[in-house]
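Working notes, structure below.
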Amino acid sequence: MTNGFAADVLICGAGAAGLTLGIELARRGMSFRLIEKMRGPFRGSRGKGIQPRTQEIFEDLGILDKVVAAGGVYPPLRVYSDDGSYTEKDTGERPDPTPAEPYHIALMIPQFLTERIMRERLAELGHRVEYGCELVGFEQGENGVMARLAGPNGEQTVRAGYLVGADGGRSFVRGTLGLDFPGKTLGVRAIVAAVLLTGLDRDAWHQFNDGDMERMVAICPLAGTDLFQIQAPIPLDGEVDLSVEGLGRLINERTGRADVQVDSVAWASAYMMNARLADRYRVDRVFLVGDAAHIHPPTGGQGLNTSVQDAYNLGWKLAAVLGGADDCLLDTYEEERRPVAESVLGLSTRLLDAQKQGGMRRGREVRQLDIGYPDSPLSREMAERSSGLRAGDRAPDAPVRGAAGQPSRLFQLLQGPHWTLLVREAGRETVGPRQGLHVHYIGPQGDIIDAWGHLRDAYALAPGECVLIRRDGYVGAITILDADRTAKLEIYLGCMGVVQPEEESK
C-alpha cells in the first residue's frame with residue numbers, strides 16, 4: 001500500500017494490454033491491482049499474429065522463448081479456384097534476419113495461449129488477475145482515483161493513484177470519462193471461430209473465393225493447437241448460427257466441399273469491423289490503452305500488437321512518475337502513442353480494401369519496426385548528425401562481445417527496467433552513477449567490444465559520442481559528452497526520475 005492507496009495503479013481489463021502493463025509494473029516493484037469482469041481467461045483466438053517489434057518487447061518481458069515454443073510461423077496461403085485447383089503464396093514478405101533486426105517475420109499463436117504465457121510471467125513476479133471483479137464506477141481527484149468494484153463478495157471502494165482502462169472496444173472507463181470515440185463502421189461484418197475440423201490439412205492457410213465478400217471463407221490452422229480458425233464475412237443484418245451445424249453449413253456452401261466437417265466449436269464470435277480512435281488517451285489520473293483507445297479491422301495483424309506497445313510505453317512512465325519523475329512525463333504517452341494508432345488505423349483499413357479486391361499483401365509496414373517518436377519531447381538531439389540513427393528511433397540490436405570474451409547482444413544489455421547509456425571511446429568521467437541507469441563503454445578499453453562492427457553500422461557513433469536508450473528500447477538522446485552537454489543529459493535523466501543516489505536521500 002502506497003500513500004494510503006490500495007494500489008499505485010488499478011488496471012481494468014486483463015487482456016494482452018492489461019497483462020503487459022501488469023508485467024511492466026511488477027518488474028519495477030510498483031503496487032497494482034489487475035481486475036477482469038469475466039469469470040475466467042479469454043478463450044478466443046482473435047489476435048493470433050505477433051509482429052517483429054512485439055517479439056522484441058516479449059524478449060524484454062522474458063516471455064519470447066515461451067511464445068515461440070507455443071506457437072509457430074504462418075503457413076503459406078492456399079488460394080482455391082472454383083474448379084478446385086489452387087495456387088500458394090506467402091501472406092507477406094519473409095526477409096532474412098539481420099544483426100539490427102533479429103526478428104523478421106510474424107509469429108502465429110492464438111490469443112488465449114499468448115495471454116496464458118503472460119499470466120504465467122505475472123505469477124512469476126508475484127501477481128495474479130482478479131477475475132469476476134468489475135469496475136462499476138469511479139471518481140478522481142487531485143490525489144487519486146476512488147473506484148467502486150463489484151465482485152463475488154459484494155461491492156467495495158478502493159483508492160488508487162492511477163486508473164488504466166484496458167477494457168476493450170466497449171470500454172466502461174472511456175464511457176465514464178465521456179470521451180468521444182470517432183471513426184467509422186467499415187461496412188463489413190464477419191465471424192471468427194476456433195474449431196476442430198476434418199478434411200483440410202494443416203500445412204496451409206486455406207482461402208476460398210478470395211475477394212468475393214459474399215462467399216469468401218478463410219480457414220487457418222492455429223499453431224500450437226489442434227484447432228483451425230475460421231474467418232468469413234457475413235451479411236450485415238440478421239442472426240448468425242455459430243453452432244457446429246451452422247459453421248459446418250457455411251463452410252460446405254462456400255467451399256463446395258462436403259468432406260470438410262466441423263466436429264466442435266471451442267470459441268466463436270460475430271462482429272462488425274470498425275476503425276475508431278479515442279479523442280484523448282489521458283484525463284488527469286485515468287488512461288486508456290489498447291482497444292479502449294483504438295479499434296482496428298483485423299487485416300494486417302495490428303490490433304493486439306498496438307495494444308501491447310501502448311501498455312509497454314505507459315508502464316515505464318507510470319513507474320517513473322510514481323518513483324519521483326515529473327508528472328508531465330505521463331503526457332508523452334498520448335503524444336507518442338496516439339499518432340501511431342492513427343497511422344495503424346489507416347494501414348489496417350487500406351489492407352481491408354485490398355482484401356476486398358483479392359489483392360492483400362503484407363509488407364514491411366506491418367512489422368512495426370519503423371515506429372518511432374522523433375517529434376516526442378523526450379527525443380533530444382544534442383549532437384550534429386546529418387543521417388543515420390536519430391533520437392526517437394527504435395534502438396537496433398547488434399551482436400557484440402564482452403571484455404571477458406563472451407558473445408552477447410545489445411538487446412541482452414538493454415533487457416530489464418533500466419535506461420542504458422552507450423559511450424564510444426570516452427573517458428570514464430562522464431555521467432555519474434544513477435539508480436536505473438546502466439552505462440557501457442564501447443571500444444578496446446571498454447566493457448563492450450564491437451567485434452564485428454555491427455554496433456558501428458547500426459549506431460554510427462563518433463569517438464566521444466554516446467546514445468541514451470530509454471526503458472522501452474527507443475533512443476532518448478544522442479550527444480557528445482563535453483561539459484555543457486553532459487550537464488544537459490544529467491538534467492534530462494533527472495526529469496525522467498533517474499537520479500543520483502545522494503539526490504534520493506534528500
Does E214 CD have over 12 foreign heavy atoms under 6.0 Å away?
no

D237 with R189: basic N within carboxylate O range, under 4.0 Å
no

Does R215 make a cation-pi contact with F208, if we ask for NZ or CZ under 6.0 Å from the ring centre and within 45° of the axis?
no

One thing to verify: whether K317 and E335 come together as a salt bridge, which I'm taking to mean a side-chain N less than 4.0 angstrom from a carboxylate O.
no

Is D8 salt-bridged to R28, going by a charged N under 4.0 Å from an acidic O?
no

Answer yes or no for R282 and F287: cation-pi contact, defined as NZ/CZ to six-membered ring centre under 6.0 Å and angle to ring axis within 45°.
no

Please determine if E56 and R394 form a salt bridge, counting it only when a charged side-chain N lies under 4.0 Å from a carboxylate O.
yes

Output side-chain donor-acceptor pairs under 3.5 Å for residues 12-19, partner residues at least two apart or in another chain, one line each.
none

Salt-bridge criterion met for R27 and E24 (N-O under 4.0 Å)
yes

So, R280 and E334, do they make that salt bridge, N to O below 4.0 Å?
no

Is it true that the NZ or CZ of R174 lies under 6.0 Å from the centre of F181's six-membered ring and within 45 degrees of the ring axis?
yes

Which is it for Q368 and Q302 under the side-chain hydrogen bond (donor to acceptor under 3.5 Å, both in side chains) test, yes or no, and what are the steps along the way?
CA-CA 9 Å; Q368 302 194 339; Q302 301 293 286; 2.8 Å; yes

Is it true that atom CG of D83 has more than 12 heavy atoms of other residues, nucleotides or ligands lying nearer than 6.0 Å?
yes

Y474-E336 side chain donor-acceptor pair, cut-off 3.5 Å
no

